[in-house]
Amino acid sequence: MKTAAQLNQQFGIAGQLSFRDDASGLVVAEFINKFATASLCLQGAHLISWHPRSQSKPVVWVSRDAKMAAGKSIRGGAPVCWPWFGAHASESSFPGHGYARTVPWSVIESGTEPNGATRLTLRLQESEKTRAQWNHDCNVDLTVIIGDTLRMEMTTENTGTSDFVIGEALHTYLQISDIGKVSVTGLEGCEYWDKVGGSNLRKQDGAITFNGEVDRVYINSAAECVIHDAPLKRRIHIKKSGSLSTVVWTPWTEKANKMGDMGQPDGWREMVCVESVNAIDNVVTVLAGNKHTLIVEYTATSL
Ligand code: BG6
């Protein structure tokens with residue numbers, strides 16, 4: 001694995017992108033440009049923060065109790081869930097949401113976009129441990145582009161000779177004023193699997209508002225979602241392609257208390273997850289020799 005010093009030499013961009021060794025032993029990429037600041041942990045290719053200069057508050061939320069540690073996911077940011085979403089279909093000892101978010105990724109490219117945004121591409125590193133859970137020949141690459149818009153592209157390339165099926169998500173935690181004061185539009189009329197109190201198929205009636213735990217997998221929709229946040233005087237737009245499921249999640253008090261890293265007593269109230277996903281009805285078959293790409297763009301606009 002490369003050190004921060006080696007990465008700075010090979011991929012650093014003066015005044016825009018640098019790498020540092022964190023006290024946890026993990027390496028973190030720091031972005032700063034005319035549009036935004038952001039950081040990303042190389043383990044998990046896990047975006048930790050994104051704060052456009054146009055916004056008084058960050059747009060991506062990270063828990064004040066988030067911990068960085070080898071082999072552990074960070075609470076907040078944009079965890080990468082791959083090659084399955086939620087619990088593994090048959091092996092209960094395999095990690096929830098797959099292993100991609102807890103294993104090392106390598107930097108393979110960096111650059112500056114024509115408009116001045118900063119780009120970084122990472123590739124998941126296979127190991128004996130990952131092979132034991134997923135024994136297929138493939139490349140998994142994540143590109144993040146840090147600008148006034150945050151763009152994330154995840155490509156799964158099947159380099160083998162047989163087809164495989166994946167579930168996946170960019171499980172982004174978005175910063176809001178208060179969960180009781182926001183709504184999410186874009187999924188009106190959509191069917192969803194309601195994971196609270198069993199697993200029931202329901203239909204969304206109107207905008208989504210929150211007054212208790214919400215854990216829903218909306219299916220068969222690539223619609224743009226918008227978080228309306230009147231107290232923060234902004235909307236967050238989530239536009240995607242290559243993703244037909246959207247997960248909307250807030251743990252609420254009881255679950256947040258049990259989780260222990262949500263920034264108690266009320267840190268969890270300042271986040272909502274609107275995740276760009278392929279799960280359940282929408283898992284993806286990647287044919288031998290083919291690629292599949294999930295792209296998400298996040299933009300905050302003022303009210
Ligand atoms: C969401 C799931 O995507 O992630 C929830 O729908 C889950 O059921 C949440 O609780 C957080 O998962 P984790 O594994 O990061 O604690």
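One-based numbering along the sequence shown. Both counts, for ligands and for their atoms, begin at 1 and track the order of listing.
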Sidechain N-carboxylate O distance under 4.0 Å for Arg119, Glu113: yes

Note: Arg64-Asp266 ion pair, threshold 4.0 Å (strictly below): yes

Which residue and heavy atom of the protein sit nearest atom 11 (C) of ligand 1, plus the separation: Trp249 CH2, 3.6 Å

Heavy-atom proximity to atom 5 (C) of ligand 1, best of Asp215, Ile74, Val196: Asp215

Region of Arg101 that comes within reach of ligand 1 [heavy atoms, distance under 4.0 Å]: side chain

Numbering as shown, the atoms of ligand 1 that approach Lys255 to under 4.0 Å (heavy-atom distance): 8 (O), 10 (O)

Those atoms of ligand 1 less than 4.0 Å from some heavy atom in Phe85: 3 (O)

Closest to atom 16 (O) of ligand 1 among Arg75, Met262, Lys195, Glu213 (heavy-atom distance): Arg75

Validation row, ring centre Phe164 to ring centre Trp134 under 6.0 Å: yes

Nearest-contact summary for atom 1 (C) of ligand 1 - protein heavy atom, Å: His171 NE2, 3.4 Å

Protein residue, atom and distance nearest to atom 12 (O) of ligand 1, heavy-atom basis: His97 NE2, 3.6 Å

Derivation and outcome, side chain to side chain donor-acceptor pair (under 3.5 Å), residues Asn33 and Gln16: CA-CA 5 Å; Asn33 59 33; Gln16 272 192 64; 4.7 Å; no

Donor-acceptor under 3.5 Å (Glu275 side chain, Ser245 main chain): no

Tyr99 and His97 aromatic centres sub-6.0 Å: no

Any Arg216 heavy atom less than 4.0 Å to ligand 1: no

Numbered atoms and elements of ligand 1 in range of Glu275, under 4.0 angstrom, heavy atoms: 1 (C), 3 (O)

Sidechain N-carboxylate O distance under 4.0 Å for Lys203, Asp205: no

